[in-house]
Amino acid sequence: MTEQNNSNPSVVAPEDAEKAALAWTHTARFLTTASQLHQLPATELPEIAFVGRSNAGKSTAINTLTQQKRLAFASKTPGRTQHINLFELGPKTAPDALFADLPGYGYAAVAKDAKRRWQKVMADYLELRRSLSGVVLMVDSRLGFTDLDRQLLEFVASRVGNGSVKLLVLLTKADKLNRREANDALAAAQAVLGEISTDEADVSMSLFSALKKSGVGDAACVLFDWVHDGVDAG
């Protein structure tokens, strides 16, 4: 398990690798939306899912990573988004990856039956979606892993443990923490992720602030490497 910092292992300078990775994430464009798992298109492209609590800043993080203000809909009403939204990346004539924006979970005002339905959809997606190759979990750095975050980790733990699905945890809203609090947040996250880490697992974490744009380049490099197997981003 690693804490990310200029993670691209290629021989190019870190700033060049970051620039290329951000140029790649910027190509993200809407593909389709689905309310049920079977409605998603079959694909051979690697798929990276973004998940997190309704108020963890998931949509904002996606928009920041892709440098697009409204790619992922950031509703003022948490829990409003009730679909899986897919986005293509790479050249339009030859896309090389997909981002999947999953509904936020844990918002109290959502009806119980809707919560149960979406918990089932998300669990099935994380356990069964064949093209899923990576998960980006947004955790509010001020709260740490909640019980619901831990439940979500359980859905994907076996696939992370055997190395078939990679995991990046972004500790969001890190601009609201001082240095001691940030270090404590990283230590607490490492303890939780240590429970699912194995020799085969690819698990990393990073402080992230959409407001200050901190951690954005590092996260983009991680995702680029997941898709391109660490090839030269330049």
Side-chain angles (χ1 to χ4, degrees), residues 4 7-10 12 17-18 20-52 58-59 61-63 65-68 71-73 81-103 118 120-138 152-170 196 198-204 218-234:
Q4 293 305 143
S7 61
N8 194 300
S10 60
V12 299
E18 181 176 306
L22 286 168
W24 173 71
T25 58
H26 185 55
T27 66
R29 56 206 175 263
F30 178 76
L31 176 62
T32 190
T33 187
S35 60
Q36 298 289 341
L37 190 61
H38 71 270
Q39 296 172 345
L40 292 173
T43 179
E44 297 299 321
L45 298 177
E47 198 163 286
I48 298 170
F50 290 77
V51 296
K58 178 172 58 66
S59 297
I62 294 172
N63 291 338
L65 276 168
T66 60
Q67 309 115 71
Q68 301 184 48
L71 181 69
F73 181 67
T81 303
Q82 296 292 304
H83 292 76
I84 297 173
N85 296 312
L86 290 186
F87 307 95
E88 276 187 338
L89 291 91
K92 290 184 178 180
T93 56
D96 55 20
L98 297 173
F99 282 173
D101 181 15
L102 273 62
W118 268 107
K120 173 64 174 172
V121 170
M122 291 178 66
D124 287 347
Y125 176 92
L126 294 171
E127 292 174 352
L128 304 174
R129 178 70 168 165
R130 189 173 65 84
S131 53
L132 181 66
S133 64
V135 171
V136 182
L137 171 59
M138 316 289 182
L152 187 136
L153 283 178
E154 291 177 5
F155 293 152
V156 77
S158 63
R159 300 181 75 180
V160 170
N162 65 26
S164 62
V165 171
K166 300 175 176 64
L167 175 65
L168 170 63
V169 173
L170 295 183
I196 65 170
T198 65
D199 290 340
E200 292 78 24
D202 185 335
V203 178
S204 53
D218 287 340
C221 285
V222 172
L223 304 186
F224 182 93
D225 285 355
W226 283 0
V227 171
H228 303 94
D229 294 324
V231 298
D232 188 337

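Among all heavy-atom pairs drawn from Ala100 and Tyr125, the shortest one is CB-OH, 3.3 Å. Taking both residues in full, the closest heavy atoms of Glu18 and Cys221 are given as CA-SG, 3.5 Å, listed atom of the first, atom of the second, then distance. Residues Ala97 and Val227 approach most closely at CB-CG2, 3.7 Å, considering heavy atoms. The shortest heavy-atom contact between Leu102 and Lys58 is O-NZ, 2.7 Å. The minimum heavy-atom distance between Gly90 and Trp24, with the atom names listed, is N-NE1, 4.0 Å.
Under a 4.0 Å N-O distance rule, the pair Glu127/Arg159 does not qualify as a salt bridge.
For the residue pair His83/Asp101, the side-chain donor-acceptor check at 3.5 Å is not satisfied. Side chains of Gln39 and Ser35: a donor on one and an acceptor on the other come within 3.5 Å.
The side-chain heavy atoms of Ile48 and Leu98, taken from C-beta on, include no pair separated by under 4.5 Å. Within the 4.5 Å cutoff, no side-chain heavy atoms of Leu86 are placed close to those of Phe30. Between Ser133 and Val165, the closest side-chain pair of non-hydrogen atoms is not below 4.5 Å. Side-chain contact between Leu137 and Leu170: absent, with no pair of heavy atoms (C-beta onward) separated by less than 4.5 Å. A 4.5 Å side-chain heavy-atom check between Val160 and Val135 finds every atom pair outside the cut-off. Taking the side chain as every heavy atom from C-beta outward, Glu88 and Phe99 never approach each other to under 4.5 Å. A heavy-atom distance below 4.5 Å is found between the side chains of Met138 and Phe50. Considering only heavy atoms from C-beta on, Leu167 comes within 4.5 Å of Ile196 through its side chain.
Here the NE2-CD distance, from His26 to Gln68, works out to 5.5 Å after rounding to the nearest 0.5 Å. A distance of 8.5 Å separates CG of Leu40 from OG1 of Thr33, quoted to the nearest 0.5 Å. Within the model, atoms OG1 of Thr32 and CZ of Phe87 stand 10.5 Å from one another, a figure rounded to the nearest 0.5 Å. Interatomic distance, CG of Leu128 versus NE2 of His38, reported as 14.0 Å (0.5 Å rounding). Atom-to-atom distance recorded for Leu65:CG and Leu223:CG is 6.5 Å, nearest 0.5 angstrom. Remark: Thr66 OG1 to Leu71 CG distance equals 4.5 Å, nearest 0.5 Å.
In this structure, the side chain of Asn63 engages the main chain of Ala72 through a donor-acceptor pair within 3.5 Å. The backbone N or O of Leu22 lies less than 3.5 Å from a partner atom in the side chain of Gln67, making a donor-acceptor pair. Looking at Thr198, its side chain does come within 3.5 Å of a backbone N or O of Gly161 through a donor-acceptor pair. Checking side-chain atoms of Arg129 against main-chain N and O of Glu47 turns up no donor-acceptor pair under 3.5 Å.
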Quiz prompt | Gln36 vs Val121, side-chain contact (heavy atoms from CB on, under 4.5 Å): CA-CA, chis, key distance, verdict | solution = CA-CA 7 Å; Gln36 298 289 341; Val121 170; 3.9 Å; yes
Practice problem: Evaluate the side-chain contact (heavy atoms from CB on, under 4.5 Å) criterion for residues Ile84 and Met122: first the C-alpha distance (whole Å), next the side-chain angles of each, then the deciding distance (0.1 Å), finally the verdict. | Solution: CA-CA 9 Å; Ile84 297 173; Met122 291 178 66; over 6 Å; no
Practice problem: Go through Val51 and Val136 one step at a time and tell me if the side-chain contact (heavy atoms from CB on, under 4.5 Å) criterion holds. | Solution: CA-CA 6 Å; Val51 296; Val136 182; over 6 Å; no
